[in-house]
Amino acid sequence: MAAMQQKLRTSLAATLSDTGLLRSDGLINGKWVKAASGKLFPVNDPGTDTKVASVSAFGEADAKLAVSAAEQSFDAWRSKTMQERGRLLSRWSELIGENSSDLATIMCLESGKPKAESKGEVNYAMSFINMYAGMQTNGMVLPQQTDSHLLMVTKEPVGVCALLTPWNFPAAMFTRKAAPALMAGCTIVLKPAEDTPLTALALAWLWERAGGPKGVVNVVPTPRELVQEVGNVLTTDEAVRKISFTGSTAVGKHLLKQAAGTVKKTSMELGGNAPFVVFDDANLELAVNGAMTAKFRFGGQVCIAPNRFLVQEGIYEAFVAKMAEQIRALRVGDGLDSRTNMGPLINLAARDKVAGLVKDAIDKGADVVCGGQLEQHEMGNNFFAPTLLGGCTLDMRISHEEIFGPVVAVMKFKDVDEALTISNSSRSGLAGYVYTQDYSRGMRFAGKLEVGMVGMNESSISSCVVPFGGVKESGMGREGSVMGMDEFMEVKSICLGGI
Ligand SMILES: NC(=O)c1ccc[n+]([C@@H]2O[C@H](COP(=O)([O-])OP(=O)(O)OC[C@H]3O[C@@H](n4cnc5c(N)ncnc54)[C@H](O)[C@@H]3O)[C@@H](O)[C@H]2O)c1
Ligand SMILES: O=C[C@H](O)CS(=O)(=O)O
């Protein structure tokens with residue numbers, strides 16, 4: 001299999017139409033610079049477990065330079081009109097569109113996301129830029145207590161923003177933050193995930209080519225071993241006024257503690273544990289198709305992927321049988337192969353975590369309906385077979401921990417109260433799904449789910465217009481939608497007297 005995968009690849013640069021997109025240095029103040037240490041770190045292709053690039057290993061000193069560049073460019077950038085900033089973003093989006101195939105190849109090779117899905121993500125990333133490029137923010141003039149005063153309320157950019165993004169959506173998580181921040185008039189320092197810096201660096205290069213002024217967008221590629229020290233700079237430097245983080249709940253809690261010292265404005269898009277609830281009266285085909293779409297997107301490595309399947313006892317057997325049929329039909333393969341439905345997990349640690357959850361479930365009595373092989377996959381170290389486990393129970397780890405992989409864990413429930421209790425038992429509250437043809441029951445159930453986003457008879461619930469975010473330990477704030485820009489703005493009242 002490895003030979004076939006290698007056949008699909010020569011060097012990454014050789015597969016690109018525009019090799020300028022392949023950036024190995026970071027971006028500070030309009031210059032592509034190496035790390036102060038001169039050190040590099042590898043970026044690996046999870047499909048072949050081989051290095052595809054080496055990138056400058058930015059550390060504390062580099063991060064401080066990036067924050068300073070963003071601070072120095074803030075006044076000039078905020079002084080531009082929203083129309084001027086919008087025109088720049090529109091040009092950026094055009095260039096992304098013109099280079100979408102190369103961007104998808106880069107994303108596929110550094111993340112393992114199949115190329116077709118990677119192209120979809122590039123379009124998703126563009127949708128945020130396109131939406132915010134045309135957006136205006138409005139203040140208010142309020143009625144006065146006296147006729148000699150006027151009260152105005154304005155919205156102003158918060159300032160220098162530190163954006164920290166995960167590896168699973170390296171383009172969309174960048175633009176979902178950067179587009180509203182830039183339109184609001186903020187300047188940014190982006191720290192991409194160590195597994196997937198290339199996509200963000202390529203997008204930053206296109207920003208520069210669009211005419212982005214120096215210092216407005218800065219990118220600090222950071223290796224795993226320096227993430228803590230770079231994070232310390234971004235969360236404690238007084239010049240940074242906003243932290244926008246997307247990633248695990250554990251890291252989010254850590255960053256919140258660090259940001260508290262300088263009372264930074266924060267947005268947290270954290271981990272999920274979505275329930276997928278199927279009632280007896282559900283449209284079975286709709287529920288199964290919805291489950292497959294939501295679960296096997298990027299092999300389950302998605303924050304809103306269903307994590308716990310709760311199926312009412314009357315439809316349980318039919319649901320499991322239909323799911324097994326579709327899961328068995330999935331083609332696991334190389335991300336560059338257009339026939340591939342599912343590629344590798346991001347790395348060996350991720351694969352081993354999934355295998356550990358499956359083993360625990362099997363040891364505690366789960367039925368392996370399909371998949372579930374714990375030994376190394378024939379495609380390579382980072383692959384895990386799409387798996388369906390039946391008869392899952394609450395004493396299994398898989399019923400409580402975020403799987404972040406291609407495993408469907410199904411448990412049976414009797415009635416709506418049981419389904420709601422189990423659904424809300426998690427400390428996470430990002431997304432939830434409910435399938436029933438009784439819309440009254442469905443809406444009541446959706447209203448009682450402790451999550452930020454619900455799909456009812458629908459599992460594709462993300463788009464640029466949705467206020468994306470969670471409750472409880474899935475985070476705070478919203479990204480996308482008109483709400484997304486307010487995360488990067490401060491409100492100011494001006495009281496005018498003596499009129
Ligand atoms: N809610 C959402 O919108 C959303 C979207 C995508 C992923 N996620 C969540 O992210 C997780 C998977 O992504 P991940 O593995 O990249 O998460 P992660 O928390 O390990 O890393 C996220 C980012 O934080 C950085 N980071 C890690 N430790 C840090 C530290 N001490 N200081 C500063 N930065 C640090 C990483 O380098 C990366 O850039 C899952 O839990 C998933 O649910 C949530
Ligand atoms: O996993 C993280 C993303 O936010 C999911 S989505 O692409 O926004 O649905």
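Indexing begins at 1, ligand by ligand and atom by atom, following the structure's order. Residue numbers start at 1 and run along the sequence shown.
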### Query
What is the nearest protein non-hydrogen atom to atom 2 (C) of ligand 2, stated with its residue, atom name and distance?
C303 SG, 2.9 Å
### Student check: side-chain heavy atoms of T222 and F41 closer than 4.5 Å
no
### Task
Using a 4.0 Å heavy-atom threshold (strictly under), name the region of M173 that reaches ligand 2: side chain, backbone, both or neither.
side chain
### Message
Less than 4.5 Å apart, side chain to side chain, heavy atoms only: is that true for P157 and F74?
### Response
yes
### Nearest-contact summary for atom 7 (O) of ligand 2 - protein heavy atom, Å
R297 NH2, 2.5 Å
### Query
Is the shortest heavy-atom distance from the side chain of N289 to the side chain of Q326 under 4.5 Å?
yes
#### Entry: R241 side chain reached by V160 side chain, heavy atoms, under 4.5 Å
no
### Message
Do P197 and F58 make a side-chain contact, defined as non-hydrogen atoms from C-beta onward lying under 4.5 Å apart?
### Response
no
### Message
Please list the nearest protein heavy atom to atom 8 (O) of ligand 2 with its residue and the distance rounded to 0.1 Å.
### Response
Y124 OH, 2.8 Å
### Task
Look at atom 9 (O) of ligand 2 and say which protein heavy atom is nearest, naming residue and atom and giving the distance to 0.1 Å.
S462 OG, 2.5 Å
### Query
Is the shortest heavy-atom distance from the side chain of Y435 to the side chain of S459 under 4.5 Å?
yes
### Query
Going through the distances and angles, do W92 and Y132 end up as a ring-ring contact (aromatic ring centres under 6.0 Å, His included)?
CA-CA 12 Å; W92 187 26; Y132 285 112; over 10 Å; no
## Note on the structure
In chain-and-number order, ligand 1 lies under 4.0 Å from a heavy atom of each of L164, T165, P166, W167, N168, R176, K191, P192, A193, E194, V227, Q228, G231, F245, T246, G247, S248, V251, H254, L255, E269, L270, G271, G272, C303, E402, F404, L430, F468
### Query
Which of the numbered atoms in ligand 2 are below 4.0 angstrom from a heavy atom of R176?
4 (O), 8 (O)
### Message
A quick test of your reading: do over 12 heavy atoms of other residues, nucleotides or ligands sit less than 6.0 Å from NZ of K353?
### Response
yes
